[in-house]
Amino acid sequence: MPVRILCVEDNPQNMRLVRKILKLEGYTVLEAENGLTGVQIAQAEKPDLILMDVNLPDIDGLDATVRIKQQTDLHHIPIIALTANAMYGDEERCLAAGCVSYISKPFNKDNLLAIISQFLETKRETNNQ
Ligand code: MN
């Protein structure tokens, strides 16, 4: 079964870029344009990993992350935060909300793919134990 990644991103250009990178890598991409839709799709689809933009039009990405992490059947899904305008303390805030990692925009394609595969790998190892 293909690996499914949910991308929560309100900027259409960023979404297009991430979609292209992930599809070329063979991932199936699920998309949400705001935080509440992201939480709903996470519940409905239980993706393998979530890329979470922090600045979203409704609830922010960290609030969405907390809501996802509160649900026992979604708690295992690695969430990677992506944020523009990186500020001091952002990484700590993302990790405190339950994200496994943090990437500042503009991101590097190889770096993005490396971090994704790192956390997919971690998940596989955990499931095999
Ligand atoms: Mn945004």
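Just so you know, ligand 1 is whichever comes first in the structure, and atom 1 is the first atom listed for that ligand.
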Item to complete: Name whichever N, O or S atom of Asp10 ends up nearest to the Mn ion (ligand 1).
Response: OD1
Discussion item. Distance check below 2.8 Å: does Asn55 bring an N, O or S atom to the Mn ion (ligand 1)?
Written reply: yes
Response to the item:
Between Ile115 and the options Leu113, Asn111, Leu112, the side chain to side chain contact (heavy atoms under 4.5 Å, CB included) test singles out Asn111
Practice prompt. Give the cluster check for Met15 versus Met52: same hydrophobic cluster or not, with ILVMFWY residues linked at side-chain heavy-atom distances below 4.5 Å.
Written response: no
Fill in: Over 12 foreign heavy atoms within 6.0 Å of CD, Glu33
no
Worksheet entry | Sidechain N-carboxylate O distance under 4.0 Å for Lys105, Glu9 | yes
Worksheet item: For the Mn ion (ligand 1), does an N/O/S atom of Asp53 lie at less than 2.8 Å?
Response: yes
